[in-house]
2 protein chains.
Amino acid sequence: MSKHDLRVVKTKERIHYALTECLKEKPLSRIKITELCKTANINRGTFYFHYQEVGDVFMEFFEEIMEDLKDSYEEPYRHNVFLDVKNLDPDTVRIFHHIKKYEDFYSVIFSEKVSISYYYMFFDAVKEVLEKDPHSEKIDGPRDFFFSYTSNAIIGLIIEWYRRGFRDSAEDMSRNLVFILKKGER
Amino acid sequence: MSKHDLRVVKTKERIHYALTECLKEKPLSRIKITELCKTANINRGTFYFHYQEVGDVFMEFFEEIMEDLKDSYEEPYRHNVFLDVKNLDPDTVRIFHHIKKYEDFYSVIFSEKVSISYYYMFFDAVKEVLEKDPHSEKIDGPRDFFFSYTSNAIIGLIIEWYRRGFRDSAEDMSRNLVFILKKGER
DNA sequence: AATTTTAATGTACACATGTTCAATAACATT
DNA sequence: AATGTTATTGAACATGTGTACATTAAAATT
């Protein structure tokens with residue numbers, strides 16, 4: 001399964017394209033392997049040569065998007081990761097802009113019936129961003145629990161956002177977050 | 001589909017029993033409808049008469065468990081719902097005991113590959129408990145966002161707990177939560 | 001350009017899904 | 001106990017899943 005074999009690159013391109021096409025028609029959970037292969041014009045056996053299920057294809061997209069999320073908090077940007085509540089400013093919160101950028105994809109992630117695996121992948125990515133924050137050094141107590149608590153709290157906001165059809169702007173969401181976080185600081 | 005028809009009661013009993021049996025053998029995601037029907041000794045057509053997929057059966061169990069969660073915060077218990085941070089005491093936090101009580105089920109809920117629907121059902125139940133708390137009156141700002149934030153934060157703790165195989169005691173978890181919450185109160 | 005490697009194809013098979021429908025038997029109602 | 005109702009059955013059919021394997025053709029290597 002040589003990753004750079006032109007044949008592999010081509011078929012994966014076809015399947016990726018086919019998935020985005022099918023996603024316009026129906027939810028991920030109702031897209032069949034057979035259907036995907038027909039759209040991609042590849043043999044069903046070829047699909048099984050690379051993947052196990054439709055979700056695996058989606059996962060490939062997802063990995064790229066998780067990289068974008070992590071990158072957006074990498075140097076040299078030094079965006080605020082909302083751990084330093086005292087100096088927290090809505091303008092420095094980047095995560096909601098990232099979600100807006102990939103709104104279509106996150107609509108799939110959070111949609112009913114899809115596997116919780118995507119949720120966990122997102123959860124872990126957010127957690128990683130938090131853990132890399134310089135201010136995370138100062139956290140005392142059980143670290144894993146704290147980061148899981150905080151990461152999932154942010155995602156709770158995003159679930160609410162999703163359920164409202166992502167109508168609020170990223171800026172609104174940043175303000176919501178800052179408002180909630182500053183509450184404990186009085 | 002008369003809910004109290006003895007025939008319906010019987011077949012549902014059989015299917016419920018079959019599901020618990022199958023869950024001992026393999027994860028929910030790999031249990032086939034055909035298999036479930038064979039174990040339950042019912043016709044496959046009968047299954048489709050009541051459900052669409054295996055997950056729907058599991059959902060029925062789940063609904064009962066969500067009722068238990070809500071009940072555990074109903075009158076006359078008046079357990080603390082961690083919104084009143086100042087008077088928060090680990091002994092009054094009930095949710096982690098509820099999880100421990102149904103540990104096997106929550107192990108399914110949080111396991112990879114299962115539908116995110118269960119997660120949302122749990123999320124909504126936790127949120128409902130929070131919203132019914134007397135102290136929720138005092139919350140200012142966007143309420144939905146606040147409750148989604150807080151509910152999912154708790155669930156973040158539980159995810160971490162799950163990933164550690166629920167080894168910590170419910171009391172440990174209550175202490176973890178109180179520790180995190182009190183941090184902002186200094 | 002010739003050779004080696006291996007991804008992709010086509011075919012086949014056993015089994016699962018999802019739907020339909022007439023016949024039956026279990027149930028509720030009177 | 002007779003009646004009407006409907007959940008359940010069994011059978012059938014088209015389609016999807018998952019796996020296997022020999023064949024073919026595209027790509028990498030020499």
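On a predicted model such as this, the values are computed, not experimentally measured, just so you know. Order of the sequence lines fixes the chain letters, A, B, ..., with proteins taken first and strands second; residue numbering starts at 1 for each chain.
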Nearest-nucleotide pick for [X], side chain only, options being [options]:
X       : options               : value
A:Ile42 : D:dG18, C:dT9, D:dA7  : C:dT9
A:Arg7  : C:dT17, C:dA7, C:dA12 : C:dA7
A:Phe49 : D:dT8, C:dA7, C:dT9   : C:dA7

Over how many whole Å does the gap from [X] atom [atom1] to [N] atom [atom2] extend?
X       : N     : atom1 : atom2 : answer
A:Lys3  : C:dA7 : NZ    : P     : 14 Å
B:Phe47 : D:dT9 : CZ    : P     : 13 Å
B:Leu6  : D:dT6 : CG    : P     : 16 Å

Sugar-phosphate only, base, or nothing, as touched by B:Lys38 at under 4.0 Å among non-hydrogen atoms: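 Result for B:Lys38 = nothing.
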
Distance test, side-chain N/O of B:Thr11 to OP1/OP2 of D:dA7, below 4.0 Å: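 False: B:Thr11 side-chain N/O out of range (4.0 Å or more) of D:dA7 OP1/OP2.
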
Phosphate-side-chain proximity, B:Ser2 and D:dA7, N/O vs OP1/OP2 below 4.0 Å: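 For D:dA7, OP1 or OP2 has a side-chain N or O of B:Ser2 closer than 4.0 Å.
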
Beyond-backbone contact of A:Glu112 with B:Ser115, side-chain heavy atoms, under 4.5 angstrom: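 When only atoms from C-beta onward are counted, B:Ser115 and A:Glu112 do not touch, as no gap falls below 4.5 Å.
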
Side chain proximity check, A:Arg164 to A:Glu160, heavy atoms < 4.5 angstrom: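 Yes - at least one pair of side-chain heavy atoms lies under 4.5 Å apart.
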
Interatomic distance, B:Leu69 atom CG to B:Phe122 atom CZ [nearest 0.5 angstrom]: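 Separation between the atoms: 6.0 Å.
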
Working for side chain to side chain contact (heavy atoms under 4.5 Å, CB included), residues B:Lys183 and A:Ile139: CA-CA 10 Å; B:Lys183 202 170 284 183; A:Ile139 302 299; 4.0 Å; yes

Residue whose closest nucleotide on DNA chain D lies nearer the 5' end, B:Thr46 versus A:Asp5: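 It is B:Thr46 whose nearest nucleotide is closer to the 5' end.
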
